[in-house]
Structure formats: structure tokens, C-alpha cells
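For reference, the structure is listed below as C-alpha cells.
FYI, the numbering just counts along the sequence from 1. This is a predicted model, so every value here is computed, not measured. Note that ligands are numbered from 1 as they come in the structure, with each ligand's atoms numbered from 1 the same way.
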Amino acid sequence: MTMKIYGDPGSGSLRRVTTAAKIMGIELERVKVDLFKGESQTEEFKLRLNPHGLTPVLVDGDFVLYEAAAINLYLANKMNSPLLGTTEKDRSRVLQWMFWSGEQWRTFTVTIFDERVGKTVMNLPKDENLIAFAEGKIRAAAKVLDKHLEGRAFMVGDALTLADLDVAAPFSQAGRARFPLGEFPNLVAWHDNLLRSFPAWAETKAEVDDRMDTFLASVGVTL
Ligand SMILES: N[C@@H](CCC(=O)N[C@@H](CS)C(=O)NCC(=O)O)C(=O)O
């Protein structure tokens, strides 16, 4: 039975899964959850798929799994994919960057996205102090990433891993939410190379951009 993935095409978290699945040659049946209509916040969604009301969610038969990183590890383990890393040490380093990026990296970009994009759509006042705080955290983390990526094409070893997809995720909304990533040349070069070298990463970027741009235009929002 084909596994199902629930999510909104405008979501950078869904993109991490759809990209990894494409690269591994895994077919996923897409089930659209319109986040702009609050479809992940219904009682039914929370009861059946994710009590936190968040996407993406994978359904494999009677097995339900949320959190994009956990889904990617589940899929990659099924396929024994090199996206996990190919040595024991590399696999541990991949996990190191995946855990780090969830807690210390993407979380601050989500804060800025919610402030600059979410609040603009909802016509709510922005918290400039919170934006400045999150930008400070992003710059501090990006400085470390920039040094790590000097002379390297990938986060771990010499091939693409799930660590690259997790760390690259904020680029999905970087332009719209104006994350200060352009200040870090090695980070930008690494991400440009991902876009050039992995058609799946470029295809899913186009999908996110199309969904977001179409939605923002439909509600008359210019960022
Ligand atoms: N840490 C989670 C983040 C999930 C998340 O924040 N998903 C967003 C879309 S990118 C969502 O479903 N939001 C729906 C809502 O807040 O109602 C993951 O990596 O899967």
C-alpha cells in the first residue's frame, strides 16, 4: 500500500520529506491539508493524525508518524539510504545536525516567518523585539554554519544527507521572511549548490514558492 503524506505544498517542513522521498525513489500519496484554512487544527485531524495540529504527517498502513525529521529517518531506514550517512560516525553527525537544526536553527526562522508573514496576513502588529532577538540567534548560528561549510559541499561527509535537508529548510521561506542568510557566503554557496545538484530540491522550492505566492496574492498581501 502506498504511504500517504499529509501537508500543505507551501510548507518547508513538508518539502524536507517530499524532497528526501524523491531522492530515494519513494512514491508518496500526497494528501493536501490547507493550512491557511486551518485544516490541521480540526478535532478530527488532531485525533487521527497529530494532536499538535501540525504537518507533515506520514501514514504507513496503521502507523502514523509526525515530525519531518522523524519521517525522513523512518523512510531512509526503510531504504537503507545513504542519506543517513554511510559510516557510524557520519550517521551520528547527521543526527547531531538534525537535532541541532530543530532546536537551535529552524525554530528562530519560524518565529520570524510568523512575525513577518503570518502577522502581515492576519493584519496584526509585529513584535520588533522578538524579530531582533530571533535574528540575533540566526546570525550566531549562521556564523558557525558558514565556518563549517567553508570548502565543503555537504554538511557531513562528501555526499548529500538528511542533515543538509534539515539545515537548508529555512531557505524555503528566506526571501519572503527576510532571514539574514545572505550575509554568509559559504552558507549561500552551499545552498546554491544543493539547488543546482539536486533537481528534487529545486522542484520542491518551485512548489513552495508557487503555493505561497498564489496564496499571498489571493489575499492581496505584498510583503
Ligand atoms: N517540527 C515540525 C514542524 C511542523 C510545522 O511547524 N508545520 C507547520 C507547517 S511548516 C504546520 O503544519 N502548521 C500548521 C499550524 O500551525 O496550524 C516538523 O519538522 O515537522
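- Sorted by chain and number, the heavy-atom contacts of ligand 1 below 4.0 Å come from Ser11, Ser13, Arg16, Leu35, Ser40, Gln41, Gly53, Leu54, Thr55, Pro56, Glu67, Ala68.
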**OP:** Determine, stepwise, if the pair Lys4 / Leu58 fulfils side chain to side chain contact (heavy atoms under 4.5 Å, CB included).
**Re:** CA-CA 6 Å; Lys4 290 185 180 167; Leu58 180 84; over 6 Å; no
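- Within the structure, salt bridge (Lys or Arg N to Asp or Glu O under 4.0 Å) pairs that include any residue of residues 193-203 comprise Lys22-Glu203 (at least two apart or interchain).
- The two residues Leu83 and Leu160 have their closest heavy-atom pair at CD2-O, 3.5 Å.
- Nearest heavy-atom pair, Ser172 versus Arg15, reported as atom, atom and distance to 0.1 Å: OG-NH1, 2.8 Å.
- Under the ring-ring contact (aromatic ring centres under 6.0 Å, His included) criterion, Phe36 pairs with Phe215, sequence neighbours left out.
- Applying the salt bridge (Lys or Arg N to Asp or Glu O under 4.0 Å) test to pairs two or more places apart or on separate chains, those with a residue in residues 74-83 are Asp60-Lys78.
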